[in-house]
Amino acid sequence: MNRELKWPHLKGLYELYITGQTSDSILKNAFVRSLKNRKLIGPKPGRLNTLMDKPGYKAYYEAKFLPAYQRYVTFLEANNIPLDGRQRFDEYDLETFAFIVERKDEILESVPSIRQFSSRVFHEKGSKYLEDHPGIASTVLRLLGLDSFPGSDPKENQWRFVIDPPSPKLIVLCENIANLKRPWIAIAHEIELWYVGGSNTAILENISFDKLQLPLFYCCDWDQDGIDIYKRIYKIFAEKGKDIGILTPYDQQAAIPEVSEKHESRWKEVDMVKQWPAHPFNAEQVELLSKLFRNKQWIEEESQDLVELLRYNELIKA
DNA sequence: ATTCCAATGGATTGGCATAT
DNA sequence: ATATGCCAATCCATTGGAAT
């Protein structure tokens, strides 16, 4: 799923598509190597350091890469970002750039510190990402038309990003920001999306009652952190007399080990259901929680397609 | 322990020389 | 003409040591 391709790789693959060869050194990337293993690309005979395309590459590229690459180029050109092969952003960053531009006005109303910005908008890469990658930070500043991020004022800026279609049928509150980066999907299905940064749930306490007329659901990682946040949110809304459900993952095969480089949320000593005796989970959810707990696994929010997820939970028609 | 900074290394670019 | 080779300039990420 995640190809982890940086701009030089994307550029090299495009050159391979257009000219049939490239001398860009892109083979260090595992995904590019997999294309070599699949004989879609290979070394050019007699040419050290040059790759050439093989039969099938063009069709493959057109199906898997060309539309995205064209979108990226259009976006970068429209925003005066050089298409220089020395840029180090990847596809995730590009998606995030587009999101930033879309939300520019909202962001400029109160620009948070670079740490907070990194942690909320580049959520999956962490709070230090922008500081550690000055090239990407300067691209973000360029997109926003700013010289620098405000100083690290500890005052918590509270954001609530909303994707709002004209006449929403239900509201989905997302733990992670991924779904809000593809607003057209939610808009097409008349779903209103909210993103409330990580554990920044306090902001929900001030939501007025008239926003709570629609059915409300929470979409999150199924891990200790995700369920903990759900518990907090559930309480906040319960005090307003409003129920919020949690979306059950449809692809439960997507469960992955709870310990990895990128993931640190482990289940506590006792089963979630015992941690939260008055829980609102249904039978399937209880069963899933105890299975994840037993197997020391979690399910990533992004592994579940939003539309499929809502179908599975019988919130939109199949 | 964390922050800062200069050196280092990996890689591309663009101009020019050279080979086919 | 066109492709390839070479190289200094440039950009970015990483590293390691000094400062706080």
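Below, chains carry the letters A, B, ... as their sequence lines are ordered, and counting in each starts from 1.
- The distance between atom NE2 of His9(A) and atom C1' of dT12(B), rounded to the nearest whole Å, is 12 Å.
- Closest approach to the Ser25(A) side chain among dT4(C), dA11(B), dA13(C) is made by dA11(B) (side chain taken as heavy atoms from C-beta onward).
- When the nucleotides dG10(B), dT13(B), dT4(C) are ranked by their closest atom to the side chain of Gln21(A), dT4(C) comes out on top.
- In this structure, Gln87(A) places its CD atom 12 Å from C1' of dT10(C), rounding to the nearest Å.
- Between the NZ atom of Lys6(A) and the P atom of dT12(B) there is a distance of 13 Å, given to the nearest Å.
- Distance Asp132(A) CG to dC5(B) C1': 14 Å, rounded to the nearest Å.
- Contact between the side-chain N/O atoms of Lys128(A) and the OP1/OP2 oxygens of dT2(B) is not found at any separation under 4.0 Å.
- The separation between Ile26(A) atom CD1 and dT12(B) atom P is 9 Å, rounded to whole Å.
- Note: CG (Asp90(A)) to C1' (dC12(C)) measures 14 Å, nearest angstrom.
- Across the protein-nucleic acid pair, Arg88(A) atom CZ and dT12(B) atom P stand 8 Å apart, rounded to whole Å.
- Looking at heavy-atom distances under 4.0 Å, Pro134(A) makes contact with sugar-phosphate atoms alone, never a base.
- Classified by interplanar angle (parallel below 30°, tilted 30° to 60°, perpendicular above 60°), the ring pair Phe281(A)/Tyr230(A) is tilted.
- Residue Glu131(A) contributes atom CD, which lies 17 Å from atom C1' of dC12(C) at whole-angstrom precision.
- Inspection of the Asn176(A) and Glu301(A) side chains reveals an N or O donor paired with an N or O acceptor under 3.5 Å.
- Side-chain contact, Gln21(A) with Thr50(A): no donor N or O sits under 3.5 Å from an acceptor N or O.
- The aromatic rings of Phe89(A) and Trp7(A) sit tilted, their planes meeting at an angle between 30° and 60°.
- The side chain of Lys11(A) approaches dT13(B) more closely than any other nucleotide in the set dC12(C), dT13(B), dG10(B).
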